[in-house]
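All of these numbers come straight from a predicted model, not from anything done at the bench.
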Amino acid sequence: MTEDRQSRVSRRRYLQLAGGAAATAAVAGCSGNSDELDTETPTGDGGGNQSGDDTGSGGDQGNQGDGEFAVTITQGQMDAGLDPHDHRETNTDIILMQIYEGTLNRNPDGQVTEGLAENYDQAEPNRVRLTLREGVTFHSGDELTPEDVAFSINRIVNEDVGDLASPQSDQLAGITEARPVDGERAVDVISDGVNPMAIGLLASYGDIMQKSWVESRGSNEINSDANGTGPFQLSNYVQDERIEYTKYEEYWREPAEVDTLTINAAAESSTRVNQLVSGETDIVENVPPQEVSRINSNDNTSVEAVPSTRVIYNGMRYDVEPFSSLQFRQAMNYAIDLETIVSEVLADFSDPTGQPTLEGFVGYNPDIDPYPYDVEQAEQLVEESGFAGATIELHTPVGRYLKDLEIAQAVVGYINELSNVDASVNQRDFGELAGQLTTGNIEDMPHWYLIGWGNMAFDASQTLIPLLSTGGALSSWSNEEFDNLMNEAGGTADAEQREQLLQEANQLAHDEAPWIFLNRQYSVYGASSRIDWQPRRDESIKAYEISQP
């Protein structure tokens, strides 16, 4: 879909598309009943209510009670702990963004806005000055200080600070230090050179914690308690089951309309939808197309959908056969009918991609089209690669992304249509697979895998650096020309020159095919009519933005 669908998709349109999908047989290579497969989410480290039954507090705790505006949000999975600097998961982000905030923020359209800093300035090519607002307090009642802000940023970028080697260090790429400014209510954020991304990164990452609160607690307590400056404060936390909040009356903006908030999880999409239509919850995520009619036929619920910032792809390790061959990697892209996967598996609630960067992001190359479906070209390239007869296995999570298993099955099905390659699917627990991808050691990764990557900075670098540069946090590829382009882009303050370099990097990635390029995911939610809420492109669910109709 093109940019004209970068806004909310109409309920009628979604119904049409979902209806079409339901009436269409599975694409070539898919096996079994797709509806049934969608509910077969494994248990394991991913957390959540793995029993698939009621998720704790739900609506029973008073969604309709005594004038209090209580809201429940149900995700697919719970958090990985409550330390805002010690995770890389969107589910955990959503749980923590109710409590913790950054110095800068983004509006629902992705534009940078003020946050705990009331002013920001690129004072020098390598220095951003943040001027903090007055009257901000932590939930402990203590006032926010420049020392707290500097400590929090340093805790992310410097493993010697705060007793933590933060997995978020690359989210603040180039930033080396933060310093309180003498005599001013301000903090200087220092980079290792020209850093045109610093303000954008601070608008997406870098939650602020209270220095003394962190330093007086061990890791276990930081991961089970919370003390932020956000609109909601922690009232109860049951690990892997639910987290409950109350609104923070002393919030520096107007207090939230929501009085009490509960976030819980149900791994099975049918369970989430059951809870929504029965009034037990107000928002559910990742609604599959086959559940849309059930939600929209209910008088009190509807479906909301929006293009997200998440790209879904198949990574291929460049250091192992047969994926070490450029011809073989390109062949895998020619082998799949991506347009049909998008239309039939994802009911058109997705966009096909041909590069790592999504449309609308800085560095997106508008001249790159997705690989065309060409079986003959794919078979020829496999022969040229010298790996005819190869047997390959695709590792995929189940239930983490919209129709992830069905996408994987379709990819494998198309590849099995080639005369000279055999492929199969290996269903994996998301937590286990993500753990293998994030060790920083390429040898820990499966040779071929499906994963999704959300980029809340709306800038190509936040996908290209961690996923494709040599030594990137989740990279399974290495290319000197690509690394040079990224280094050059990171060292220029000229916006047009930087955009051109990022577009060249995207073109190179397309041509070298380190991924099978798949789709841009849409965020598809079910929502109760008792709330007024609009989904965001960045996958955030901010309860502060929920009101009563």
From the options I95, I94, D93, I263, select the one residue that forms a side-chain contact (heavy atoms from CB on, under 4.5 Å) with I541.
I94
Check S308 against Q521 and note the closest heavy-atom contact, atom names and distance.
OG-O, 2.6 Å
Can you measure from NE2 (H85) to CD (Q171) and round to the nearest 0.5 angstrom?
10.5 Å
Does atom CD of E383 have more than 12 heavy-atom neighbours, drawn from other residues, nucleotides or ligands, at distances under 6.0 Å?
yes
Check the side chains of T439 and N441 for a donor-acceptor pair under 3.5 angstrom, ignoring hydrogens and angles.
no
Over all atoms of both residues, closest heavy-atom pair of L96 and P84:
CD1-CA, 3.5 Å
Can you see whether Q380 engages E384 through a side-chain donor-acceptor pair at a distance of less than 3.5 angstrom?
yes
Separation between CG (N420) and CZ (F328), nearest 0.5 Å, reads 8.0 Å
Verify the distance criterion only: is there a donor paired with an acceptor across the side chains of S476 and Y449 at less than 3.5 Å?
yes
The side chain to side chain contact (heavy atoms under 4.5 Å, CB included) partners of A489 (sequence neighbours excluded) come to R498, L501, L502
D511 backbone acceptor or donor facing Q330 side chain under 3.5 Å:
yes
Look at the side chain of N416 and the backbone N and O of A423, then say whether any donor-acceptor pair between them is shorter than 3.5 Å.
yes
Shortest non-hydrogen pair, I156 vs S169, comes out as O-CB, 3.4 Å
For a side-chain contact (heavy atoms from CB on, under 4.5 Å) check, start with the C-alpha distance between T90 and M456, then their side-chain angles and the critical distance, and finish with the verdict.
CA-CA 10 Å; T90 301; M456 294 192 294; over 6 Å; no
Please state whether the rings of W515 and Y313 are parallel, tilted or perpendicular, taking 30° and 60° as the class boundaries.
parallel
Measuring only between side-chain heavy atoms, which start at C-beta, is N195 closer than 4.5 Å to N126?
no
For a side-chain contact (heavy atoms from CB on, under 4.5 Å) check, start with the C-alpha distance between E101 and D207, then their side-chain angles and the critical distance, and finish with the verdict.
CA-CA 5 Å; E101 303 173 292; D207 285 335; 5.6 Å; no
Minimum heavy-atom distance F517-T353, with the two atoms named
CB-O, 3.3 Å
Before accepting this row, confirm whether a basic side-chain N of the pair E545/R536 lies closer than 4.0 Å to the acidic partner's carboxylate O.
yes
About how many Å separate CE of M197 and CG of L202, when rounded to the nearest 0.5 Å?
9.5 Å
Quick check: does any side chain N or O of R272 sit under 3.5 Å from a backbone N or O of N286, one acting as donor and the other as acceptor?
yes
Evaluate the side-chain proximity of L201 to Q462: yes if any heavy-atom separation is below 4.5 Å, no if none is.
yes
Quiz question: by atom type and distance under 3.5 Å, do the side chains of T492 and D494 form a donor-acceptor pair?
no
Shortest non-hydrogen contact between N333 and A513, atoms and distance:
ND2-CB, 3.6 Å
CG-CD distance between D367 and Q355, expressed to the nearest 0.5 angstrom:
9.5 Å
Among residues two or more places apart or on two chains, list those pairs meeting salt bridge (Lys or Arg N to Asp or Glu O under 4.0 Å) that have a residue in residues 315-342.
R317-D319, R329-E512
Smallest heavy-atom separation, I415 atom then A335 atom, equals CG1-CB, 4.2 Å
Pair E488-N484, side chain to side chain donor-acceptor pair (under 3.5 Å): steps then yes or no:
CA-CA 6 Å; E488 193 174 351; N484 289 338; over 6 Å; no
Hey, what do you get for CD (Q111) to CG (N105), rounding to the nearest 0.5 Å?
12.0 Å
In the structure I gave you, are the side-chain heavy atoms of S469 and L464 within less than 4.5 Å of one another anywhere?
no
Result for side-chain contact (heavy atoms from CB on, under 4.5 Å) between M486 and one of I465, N479, T470, L468 points to I465
To the nearest 0.5 Å, how far apart are CD1 in I73 and CG in D282?
8.0 Å
Under the rule for side chain to side chain contact (heavy atoms under 4.5 Å, CB included), what residues qualify as partners of P167, not counting sequence neighbours?
D86, R88
Over 60° means perpendicular and under 30° means parallel, so tell me whether Y334 and Y371 are parallel, tilted or perpendicular.
perpendicular
Using modelled atom types only, decide if a donor and an acceptor are shared between the side chain of Q503 and the backbone of G363 within a distance under 3.5 Å.
no
Does a donor on one side chain and an acceptor on the other come within less than 3.5 Å for D351 and Y522?
yes
